Undergrad: 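Just passing along the structure, written as C-alpha coordinates.
Just so we're clear, the structure is a prediction, and the values are computed from it rather than from any experiment. Per chain, numbering begins at 1; letters A, B, ... match sequence-line order.
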There are 2 protein chains.
Amino acid sequence: MSNVAGHGPSGQGATTRAAIAEAASHLFAEHGYAGTSVRAIAAAVGIDPALVVRYFGSKERLFLETVRLPLPIAKAFDGPLESLGERIVEAMLSGNLPERLATMGALMRASDSDAVREKVREIGELTFIHPLRAQLAGPDADLRARLIGAQMNGLLIALGMDDDRLTHVERARLVAVYGRAVQALVDG
Amino acid sequence: MSNVAGHGPSGQGATTRAAIAEAASHLFAEHGYAGTSVRAIAAAVGIDPALVVRYFGSKERLFLETVRLPLPIAKAFDGPLESLGERIVEAMLSGNLPERLATMGALMRASDSDAVREKVREIGELTFIHPLRAQLAGPDADLRARLIGAQMNGLLIALGMDDDRLTHVERARLVAVYGRAVQALVDG
DNA sequence: GTCTATATGGGGATAGAC
DNA sequence: GTCTATCCCCATATAGAC
(Lines give C-alpha, C1' and ligand atoms only; values in the text may rest on other atoms or scores of the structure.)
Protein backbone atom coordinates (compact mmCIF):
# COMPACT_ATOMS: atom_id res chain seq x y z
CA MET A 1 0.00 0.00 0.00
CA SER A 2 2.84 2.40 0.67
CA ASN A 3 4.60 1.67 -2.61
CA VAL A 4 2.01 3.52 -4.63
CA ALA A 5 2.51 7.02 -3.37
CA GLY A 6 5.48 8.54 -1.69
CA HIS A 7 7.67 10.02 -4.36
CA GLY A 8 5.64 12.82 -5.78
CA PRO A 9 3.91 13.30 -9.10
CA SER A 10 6.85 12.10 -11.17
CA GLY A 11 6.10 8.37 -11.11
CA GLN A 12 6.43 5.54 -13.60
CA GLY A 13 3.83 4.77 -16.23
CA ALA A 14 3.38 1.13 -15.37
CA THR A 15 2.58 1.70 -11.72
CA THR A 16 0.27 4.60 -12.51
CA ARG A 17 -1.70 2.41 -14.86
CA ALA A 18 -1.95 -0.33 -12.25
CA ALA A 19 -3.00 2.19 -9.62
CA ILE A 20 -5.75 3.47 -11.90
CA ALA A 21 -6.99 -0.06 -12.56
CA GLU A 22 -6.97 -0.87 -8.86
CA ALA A 23 -8.91 2.24 -7.87
CA ALA A 24 -11.34 1.88 -10.77
CA SER A 25 -12.09 -1.73 -9.90
CA HIS A 26 -13.09 -0.82 -6.37
CA LEU A 27 -15.07 2.27 -7.33
CA PHE A 28 -16.99 0.55 -10.12
CA ALA A 29 -17.94 -2.30 -7.79
CA GLU A 30 -19.04 0.11 -5.10
CA HIS A 31 -20.84 2.82 -7.05
CA GLY A 32 -21.54 1.21 -10.41
CA TYR A 33 -20.50 2.40 -13.84
CA ALA A 34 -22.54 5.56 -14.20
CA GLY A 35 -22.01 6.36 -10.53
CA THR A 36 -18.26 6.40 -10.94
CA SER A 37 -16.78 9.40 -12.71
CA VAL A 38 -13.38 9.50 -14.34
CA ARG A 39 -12.74 12.46 -12.09
CA ALA A 40 -13.42 10.34 -9.00
CA ILE A 41 -11.05 7.62 -10.18
CA ALA A 42 -8.34 10.17 -10.84
CA ALA A 43 -8.88 11.76 -7.45
CA ALA A 44 -8.57 8.37 -5.72
CA VAL A 45 -5.20 7.82 -7.37
CA GLY A 46 -4.13 11.43 -6.97
CA ILE A 47 -3.68 12.21 -10.66
CA ASP A 48 -5.36 14.25 -13.33
CA PRO A 49 -8.56 12.90 -14.98
CA ALA A 50 -7.04 13.24 -18.41
CA LEU A 51 -4.39 10.69 -17.48
CA VAL A 52 -7.04 8.05 -16.95
CA VAL A 53 -8.32 8.52 -20.46
CA ARG A 54 -4.79 8.63 -21.80
CA TYR A 55 -3.92 5.24 -20.32
CA PHE A 56 -7.13 3.38 -21.09
CA GLY A 57 -8.61 5.20 -24.05
CA SER A 58 -12.02 5.71 -22.55
CA LYS A 59 -14.04 5.16 -19.42
CA GLU A 60 -15.76 2.18 -21.01
CA ARG A 61 -12.53 0.43 -21.98
CA LEU A 62 -11.23 1.01 -18.47
CA PHE A 63 -14.38 -0.62 -17.12
CA LEU A 64 -14.11 -3.59 -19.47
CA GLU A 65 -10.47 -4.12 -18.60
CA THR A 66 -10.88 -3.92 -14.85
CA VAL A 67 -14.26 -5.50 -14.16
CA ARG A 68 -14.03 -8.92 -12.56
CA LEU A 69 -17.01 -11.09 -11.66
CA PRO A 70 -15.62 -13.85 -9.45
CA LEU A 71 -17.86 -16.89 -9.76
CA PRO A 72 -16.07 -19.65 -7.86
CA ILE A 73 -18.23 -22.44 -9.20
CA ALA A 74 -15.48 -24.48 -10.85
CA LYS A 75 -15.30 -26.89 -7.93
CA ALA A 76 -19.09 -27.26 -7.96
CA PHE A 77 -18.82 -29.33 -11.12
CA ASP A 78 -16.97 -32.08 -9.25
CA GLY A 79 -19.32 -34.60 -7.68
CA PRO A 80 -22.43 -36.59 -8.44
CA LEU A 81 -24.68 -35.26 -11.19
CA GLU A 82 -27.83 -35.74 -9.15
CA SER A 83 -26.87 -32.98 -6.70
CA LEU A 84 -25.22 -30.63 -9.21
CA GLY A 85 -28.12 -28.20 -9.06
CA GLU A 86 -27.74 -27.60 -5.35
CA ARG A 87 -23.96 -27.31 -5.58
CA ILE A 88 -24.20 -24.66 -8.29
CA VAL A 89 -26.60 -22.53 -6.25
CA GLU A 90 -24.48 -23.05 -3.16
CA ALA A 91 -21.39 -21.88 -5.02
CA MET A 92 -23.18 -18.81 -6.35
CA LEU A 93 -24.03 -17.75 -2.81
CA SER A 94 -20.66 -18.46 -1.24
CA GLY A 95 -17.58 -16.29 -1.17
CA ASN A 96 -17.90 -12.52 -1.33
CA LEU A 97 -21.58 -12.33 -2.29
CA PRO A 98 -22.08 -8.58 -1.74
CA GLU A 99 -19.22 -7.74 -4.07
CA ARG A 100 -20.54 -10.20 -6.63
CA LEU A 101 -23.99 -8.62 -6.51
CA ALA A 102 -22.53 -5.14 -6.83
CA THR A 103 -20.40 -6.12 -9.80
CA MET A 104 -23.31 -7.90 -11.45
CA GLY A 105 -25.41 -4.77 -10.97
CA ALA A 106 -22.68 -2.60 -12.43
CA LEU A 107 -22.47 -4.86 -15.47
CA MET A 108 -26.22 -4.90 -15.99
CA ARG A 109 -26.54 -1.15 -15.64
CA ALA A 110 -23.76 -0.57 -18.13
CA SER A 111 -25.25 -3.02 -20.63
CA ASP A 112 -26.34 -0.20 -22.87
CA SER A 113 -23.04 -0.74 -24.57
CA ASP A 114 -22.60 -3.60 -27.02
CA ALA A 115 -19.12 -4.22 -25.63
CA VAL A 116 -20.47 -4.63 -22.11
CA ARG A 117 -23.18 -7.03 -23.24
CA GLU A 118 -20.49 -9.00 -25.04
CA LYS A 119 -18.49 -9.06 -21.82
CA VAL A 120 -21.47 -10.40 -19.88
CA ARG A 121 -22.01 -13.09 -22.51
CA GLU A 122 -18.33 -13.97 -22.38
CA ILE A 123 -18.36 -14.35 -18.60
CA GLY A 124 -21.40 -16.60 -18.74
CA GLU A 125 -19.89 -18.61 -21.55
CA LEU A 126 -16.65 -19.29 -19.72
CA THR A 127 -18.01 -19.88 -16.24
CA PHE A 128 -21.30 -21.66 -16.99
CA ILE A 129 -21.97 -22.79 -20.51
CA HIS A 130 -18.69 -24.51 -21.36
CA PRO A 131 -18.20 -26.46 -18.13
CA LEU A 132 -21.87 -27.34 -17.90
CA ARG A 133 -22.29 -28.45 -21.48
CA ALA A 134 -19.42 -30.84 -20.98
CA GLN A 135 -21.24 -32.59 -18.17
CA LEU A 136 -24.80 -32.58 -19.46
CA ALA A 137 -26.00 -35.35 -21.74
CA GLY A 138 -28.63 -35.19 -24.45
CA PRO A 139 -29.23 -33.10 -27.57
CA ASP A 140 -30.46 -30.13 -25.55
CA ALA A 141 -27.27 -29.92 -23.50
CA ASP A 142 -26.26 -26.52 -24.90
CA LEU A 143 -29.72 -25.05 -24.41
CA ARG A 144 -30.04 -26.42 -20.91
CA ALA A 145 -26.63 -25.05 -19.95
CA ARG A 146 -27.61 -21.59 -21.20
CA LEU A 147 -30.87 -21.70 -19.33
CA ILE A 148 -29.07 -22.61 -16.12
CA GLY A 149 -26.98 -19.51 -16.75
CA ALA A 150 -30.21 -17.53 -17.11
CA GLN A 151 -31.42 -18.95 -13.79
CA MET A 152 -28.22 -17.86 -12.07
CA ASN A 153 -28.41 -14.35 -13.51
CA GLY A 154 -32.01 -14.15 -12.40
CA LEU A 155 -31.04 -15.17 -8.89
CA LEU A 156 -28.21 -12.64 -8.66
CA ILE A 157 -30.41 -9.86 -10.00
CA ALA A 158 -33.23 -10.70 -7.63
CA LEU A 159 -30.81 -10.63 -4.69
CA GLY A 160 -29.30 -7.40 -5.98
CA MET A 161 -32.71 -5.73 -5.98
CA ASP A 162 -32.48 -5.50 -2.19
CA ASP A 163 -35.77 -7.27 -1.74
CA ASP A 164 -35.81 -8.10 1.95
CA ARG A 165 -38.27 -10.91 1.36
CA LEU A 166 -35.57 -12.72 -0.57
CA THR A 167 -32.31 -11.56 0.98
CA HIS A 168 -33.46 -12.58 4.45
CA VAL A 169 -34.13 -16.17 3.45
CA GLU A 170 -31.70 -18.64 4.97
CA ARG A 171 -29.04 -19.76 2.54
CA ALA A 172 -29.80 -23.44 3.04
CA ARG A 173 -33.44 -22.99 2.13
CA LEU A 174 -32.52 -21.03 -0.97
CA VAL A 175 -30.06 -23.73 -1.99
CA ALA A 176 -32.59 -26.50 -1.46
CA VAL A 177 -35.52 -24.86 -3.25
CA TYR A 178 -33.76 -23.14 -6.16
CA GLY A 179 -31.38 -26.08 -6.44
CA ARG A 180 -34.33 -28.28 -7.39
CA ALA A 181 -35.20 -25.91 -10.24
CA VAL A 182 -31.62 -26.01 -11.48
CA GLN A 183 -31.57 -29.77 -11.12
CA ALA A 184 -34.59 -29.99 -13.44
CA LEU A 185 -32.39 -28.55 -16.19
CA VAL A 186 -29.44 -30.72 -15.24
CA ASP A 187 -31.58 -33.83 -15.56
CA GLY A 188 -33.21 -32.62 -18.75
CA MET B 1 -43.86 25.98 -34.35
CA SER B 2 -45.47 29.28 -33.52
CA ASN B 3 -48.84 27.84 -32.73
CA VAL B 4 -50.56 30.08 -30.22
CA ALA B 5 -51.98 28.77 -26.98
CA GLY B 6 -55.45 27.41 -26.95
CA HIS B 7 -56.98 24.04 -27.57
CA GLY B 8 -56.73 21.74 -30.51
CA PRO B 9 -55.46 18.41 -31.77
CA SER B 10 -52.10 19.83 -32.78
CA GLY B 11 -50.24 18.65 -29.67
CA GLN B 12 -50.46 21.93 -27.80
CA GLY B 13 -52.13 22.87 -24.56
CA ALA B 14 -53.44 20.07 -22.40
CA THR B 15 -52.28 17.40 -24.84
CA THR B 16 -48.65 18.43 -24.52
CA ARG B 17 -48.24 16.28 -21.45
CA ALA B 18 -49.68 13.27 -23.22
CA ALA B 19 -47.46 13.91 -26.22
CA ILE B 20 -44.40 14.01 -23.98
CA ALA B 21 -45.39 10.75 -22.29
CA GLU B 22 -46.00 9.10 -25.64
CA ALA B 23 -42.68 10.17 -27.12
CA ALA B 24 -40.79 9.34 -23.92
CA SER B 25 -42.28 5.86 -23.75
CA HIS B 26 -41.08 5.04 -27.24
CA LEU B 27 -37.66 6.61 -26.86
CA PHE B 28 -36.97 4.95 -23.49
CA ALA B 29 -37.93 1.55 -24.92
CA GLU B 30 -35.76 2.10 -27.96
CA HIS B 31 -32.64 3.73 -26.54
CA GLY B 32 -32.86 3.01 -22.84
CA TYR B 33 -32.90 5.47 -19.97
CA ALA B 34 -29.39 6.89 -20.14
CA GLY B 35 -29.51 6.78 -23.91
CA THR B 36 -32.54 9.05 -24.01
CA SER B 37 -31.97 12.71 -23.24
CA VAL B 38 -34.61 15.15 -22.20
CA ARG B 39 -33.54 17.15 -25.23
CA ALA B 40 -34.32 14.23 -27.51
CA ILE B 41 -37.78 13.80 -26.00
CA ALA B 42 -38.48 17.50 -26.35
CA ALA B 43 -37.25 17.48 -29.93
CA ALA B 44 -39.51 14.55 -30.77
CA VAL B 45 -42.50 16.49 -29.51
CA GLY B 46 -41.31 19.78 -30.94
CA ILE B 47 -41.07 21.68 -27.66
CA ASP B 48 -38.40 23.05 -25.34
CA PRO B 49 -36.55 20.64 -23.01
CA ALA B 50 -37.49 22.69 -19.98
CA LEU B 51 -41.16 21.96 -20.63
CA VAL B 52 -40.55 18.27 -20.11
CA VAL B 53 -39.12 18.94 -16.68
CA ARG B 54 -41.91 21.37 -15.94
CA TYR B 55 -44.61 18.79 -16.64
CA PHE B 56 -43.00 15.77 -14.98
CA GLY B 57 -40.61 17.20 -12.41
CA SER B 58 -37.57 15.25 -13.53
CA LYS B 59 -36.37 12.80 -16.11
CA GLU B 60 -36.57 9.98 -13.60
CA ARG B 61 -40.17 10.69 -12.64
CA LEU B 62 -41.07 10.89 -16.31
CA PHE B 63 -39.49 7.47 -16.78
CA LEU B 64 -41.27 5.97 -13.79
CA GLU B 65 -44.62 7.38 -14.93
CA THR B 66 -44.37 6.26 -18.54
CA VAL B 67 -42.57 2.93 -18.35
CA ARG B 68 -44.86 -0.02 -18.98
CA LEU B 69 -43.76 -3.64 -18.90
CA PRO B 70 -46.65 -5.57 -20.37
CA LEU B 71 -46.56 -9.11 -19.00
CA PRO B 72 -49.75 -10.74 -20.22
CA ILE B 73 -49.48 -13.74 -17.97
CA ALA B 74 -52.74 -13.31 -16.07
CA LYS B 75 -54.52 -15.88 -18.20
CA ALA B 76 -51.63 -18.31 -17.72
CA PHE B 77 -52.78 -18.89 -14.15
CA ASP B 78 -56.01 -20.47 -15.34
CA GLY B 79 -55.67 -24.18 -15.91
CA PRO B 80 -54.21 -27.29 -14.37
CA LEU B 81 -51.37 -26.80 -11.92
CA GLU B 82 -49.25 -29.52 -13.45
CA SER B 83 -48.68 -27.51 -16.64
CA LEU B 84 -48.46 -24.07 -15.03
CA GLY B 85 -44.71 -23.88 -15.58
CA GLU B 86 -45.00 -24.22 -19.33
CA ARG B 87 -47.91 -21.79 -19.55
CA ILE B 88 -45.97 -19.12 -17.67
CA VAL B 89 -42.96 -19.39 -19.97
CA GLU B 90 -45.27 -19.46 -22.98
CA ALA B 91 -46.95 -16.27 -21.80
CA MET B 92 -43.62 -14.54 -21.21
CA LEU B 93 -42.62 -15.19 -24.82
CA SER B 94 -45.92 -14.25 -26.45
CA GLY B 95 -47.18 -10.83 -27.41
CA ASN B 96 -44.74 -8.07 -28.28
CA LEU B 97 -41.56 -9.75 -27.05
CA PRO B 98 -39.03 -7.30 -28.56
CA GLU B 99 -40.68 -4.36 -26.85
CA ARG B 100 -40.82 -6.30 -23.59
CA LEU B 101 -37.10 -7.09 -23.81
CA ALA B 102 -36.26 -3.47 -24.59
CA THR B 103 -38.31 -2.21 -21.67
CA MET B 104 -36.83 -4.77 -19.34
CA GLY B 105 -33.37 -3.68 -20.44
CA ALA B 106 -34.23 -0.04 -19.89
CA LEU B 107 -35.45 -0.83 -16.37
CA MET B 108 -32.34 -2.85 -15.51
CA ARG B 109 -30.00 -0.20 -16.83
CA ALA B 110 -31.75 2.49 -14.85
CA SER B 111 -31.73 0.42 -11.67
CA ASP B 112 -29.06 2.62 -10.16
CA SER B 113 -31.96 4.55 -8.75
CA ASP B 114 -33.76 3.30 -5.67
CA ALA B 115 -37.06 4.39 -7.17
CA VAL B 116 -36.45 2.32 -10.30
CA ARG B 117 -35.50 -0.75 -8.28
CA GLU B 118 -38.69 -0.26 -6.30
CA LYS B 119 -40.61 -0.06 -9.56
CA VAL B 120 -39.07 -3.33 -10.75
CA ARG B 121 -39.96 -5.00 -7.45
CA GLU B 122 -43.48 -3.64 -7.70
CA ILE B 123 -43.98 -4.99 -11.21
CA GLY B 124 -42.75 -8.42 -10.14
CA GLU B 125 -44.90 -8.35 -7.04
CA LEU B 126 -48.10 -7.54 -8.92
CA THR B 127 -47.59 -9.74 -11.95
CA PHE B 128 -45.88 -12.77 -10.43
CA ILE B 129 -45.66 -13.05 -6.70
CA HIS B 130 -49.23 -12.27 -5.70
CA PRO B 131 -51.05 -14.39 -8.29
CA LEU B 132 -48.57 -17.24 -7.93
CA ARG B 133 -48.53 -17.33 -4.16
CA ALA B 134 -52.31 -17.69 -4.25
CA GLN B 135 -52.05 -20.86 -6.28
CA LEU B 136 -49.04 -22.53 -4.72
CA ALA B 137 -49.40 -24.73 -1.66
CA GLY B 138 -46.91 -25.35 1.11
CA PRO B 139 -44.98 -23.21 3.59
CA ASP B 140 -42.45 -22.18 0.95
CA ALA B 141 -45.12 -20.75 -1.35
CA ASP B 142 -43.88 -17.17 -1.04
CA LEU B 143 -40.26 -18.13 -1.60
CA ARG B 144 -41.09 -20.34 -4.55
CA ALA B 145 -43.19 -17.60 -6.13
CA ARG B 146 -40.31 -15.13 -5.81
CA LEU B 147 -37.86 -17.57 -7.29
CA ILE B 148 -40.13 -18.14 -10.28
CA GLY B 149 -40.02 -14.39 -10.72
CA ALA B 150 -36.22 -14.59 -10.62
CA GLN B 151 -36.33 -17.29 -13.30
CA MET B 152 -38.48 -15.10 -15.53
CA ASN B 153 -36.21 -12.10 -15.10
CA GLY B 154 -33.25 -14.30 -15.90
CA LEU B 155 -34.93 -15.50 -19.07
CA LEU B 156 -35.81 -12.00 -20.24
CA ILE B 157 -32.32 -10.74 -19.53
CA ALA B 158 -30.69 -13.65 -21.32
CA LEU B 159 -32.88 -13.04 -24.36
CA GLY B 160 -32.16 -9.32 -24.16
CA MET B 161 -28.42 -9.96 -24.33
CA ASP B 162 -28.82 -10.69 -28.04
CA ASP B 163 -27.20 -14.09 -27.68
CA ASP B 164 -27.97 -15.76 -30.99
CA ARG B 165 -27.51 -19.17 -29.43
CA LEU B 166 -30.56 -18.49 -27.32
CA THR B 167 -32.69 -16.15 -29.42
CA HIS B 168 -32.65 -18.56 -32.35
CA VAL B 169 -34.05 -21.46 -30.35
CA GLU B 170 -37.59 -22.39 -31.33
CA ARG B 171 -40.16 -21.08 -28.94
CA ALA B 172 -41.70 -24.50 -28.33
CA ARG B 173 -38.36 -25.96 -27.25
CA LEU B 174 -37.74 -23.07 -24.91
CA VAL B 175 -41.21 -23.48 -23.42
CA ALA B 176 -40.77 -27.20 -22.93
CA VAL B 177 -37.29 -27.11 -21.40
CA TYR B 178 -37.48 -23.98 -19.25
CA GLY B 179 -41.08 -24.81 -18.39
CA ARG B 180 -39.84 -27.92 -16.59
CA ALA B 181 -37.54 -25.81 -14.45
CA VAL B 182 -40.39 -23.50 -13.55
CA GLN B 183 -42.61 -26.49 -12.86
CA ALA B 184 -40.07 -27.74 -10.33
CA LEU B 185 -40.80 -24.62 -8.27
CA VAL B 186 -44.53 -24.88 -8.85
CA ASP B 187 -44.51 -28.42 -7.50
CA GLY B 188 -42.21 -27.52 -4.62
C1' DG C 1 -51.30 29.53 -17.11
C1' DT C 2 -48.29 28.15 -20.82
C1' DC C 3 -44.15 28.32 -22.80
C1' DT C 4 -39.15 30.13 -23.87
C1' DA C 5 -34.54 31.58 -22.82
C1' DT C 6 -30.87 31.19 -20.11
C1' DA C 7 -27.71 29.97 -16.17
C1' DT C 8 -25.52 26.47 -13.34
C1' DG C 9 -22.93 22.49 -12.36
C1' DG C 10 -21.12 18.16 -13.72
C1' DG C 11 -19.82 14.72 -16.95
C1' DG C 12 -16.42 12.55 -20.76
C1' DA C 13 -13.06 13.52 -23.90
C1' DT C 14 -9.28 16.27 -26.52
C1' DA C 15 -5.19 19.45 -27.69
C1' DG C 16 -1.27 21.11 -26.53
C1' DA C 17 1.96 23.13 -23.07
C1' DC C 18 5.63 21.65 -19.45
C1' DG D 1 4.68 11.28 -18.88
C1' DT D 2 2.14 14.48 -16.81
C1' DC D 3 -0.88 18.20 -16.30
C1' DT D 4 -3.56 22.71 -17.74
C1' DA D 5 -6.99 24.49 -20.28
C1' DT D 6 -10.80 23.71 -22.93
C1' DC D 7 -14.87 21.79 -25.69
C1' DC D 8 -19.23 19.78 -26.05
C1' DC D 9 -23.25 17.44 -24.09
C1' DC D 10 -26.21 16.69 -20.46
C1' DA D 11 -29.94 17.47 -16.59
C1' DT D 12 -31.79 20.76 -13.87
C1' DA D 13 -33.45 25.24 -11.96
C1' DT D 14 -34.77 29.99 -12.42
C1' DA D 15 -36.53 34.14 -14.54
C1' DG D 16 -39.18 36.18 -17.64
C1' DA D 17 -42.07 36.54 -22.14
C1' DC D 18 -46.63 35.55 -24.19
Undergrad: C:dT4 C1' sits how many Å from B:I20 CD1, rounded?
TA: 14 Å
Undergrad: Which whole-number value in Å describes the distance from A:D48 CG to C:dG11 P?
TA: 14 Å
Undergrad: Using a distance-only criterion (donor-acceptor N/O pair, under 3.5 Å, no hydrogens), is the base of D:dG1 paired with the side chain of A:R54?
TA: no
Undergrad: Checking A:K59 against A:Y33: charged group under 6.0 Å from the ring centre and within 45 degrees of the axis?
TA: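 Yes, A:K59 sits over the ring of A:Y33.
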Undergrad: C:dA13 C1' sits how many Å from A:R61 CZ, rounded?
TA: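 It works out to 12 Å between those atoms.
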Undergrad: Picking from C:dA13, D:dA13, D:dT2, which would you name as closest to the side chain of B:A50?
TA: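 Closest of the options to the side chain of B:A50: D:dA13.
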Undergrad: Does any N or O in the side chain of A:E90 come within less than 3.5 Å of the main-chain N or O of A:V175, such that one atom is a donor and the other an acceptor?
TA: no
Undergrad: Rounding to a whole Å, what distance do you find between A:I41:CD1 and C:dG10:C1'?
TA: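 Going from A:I41 (CD1) to C:dG10 (C1'), I get 15 Å.
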Undergrad: From CD1 of A:I47 over to P of D:dG1, roughly how many Å is that when rounded to an integer?
TA: 14 Å
Undergrad: What's the CG-C1' distance between B:L51 and D:dA11, to the nearest Å?
TA: 15 Å
Undergrad: Output the rounded distance in Å from CG (B:L27) to P (D:dC10).
TA: 13 Å
Undergrad: Starting at atom OH of A:Y55, determine the distance to atom C1' of D:dG1, rounded to an integer number of angstrom.
TA: 6 Å
Undergrad: Cationic tip of B:R17 within the cone over B:F56's six-membered ring, i.e. under 6.0 Å and within 45° of the normal?
TA: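 Cation-pi check for B:R17 and B:F56: passes.
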Undergrad: Decide whether A:T103 and A:R68 meet the rule of one side-chain donor and one side-chain acceptor closer than 3.5 Å.
TA: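 No pair is found: no donor N or O on one side chain lies under 3.5 Å from an acceptor on the other.
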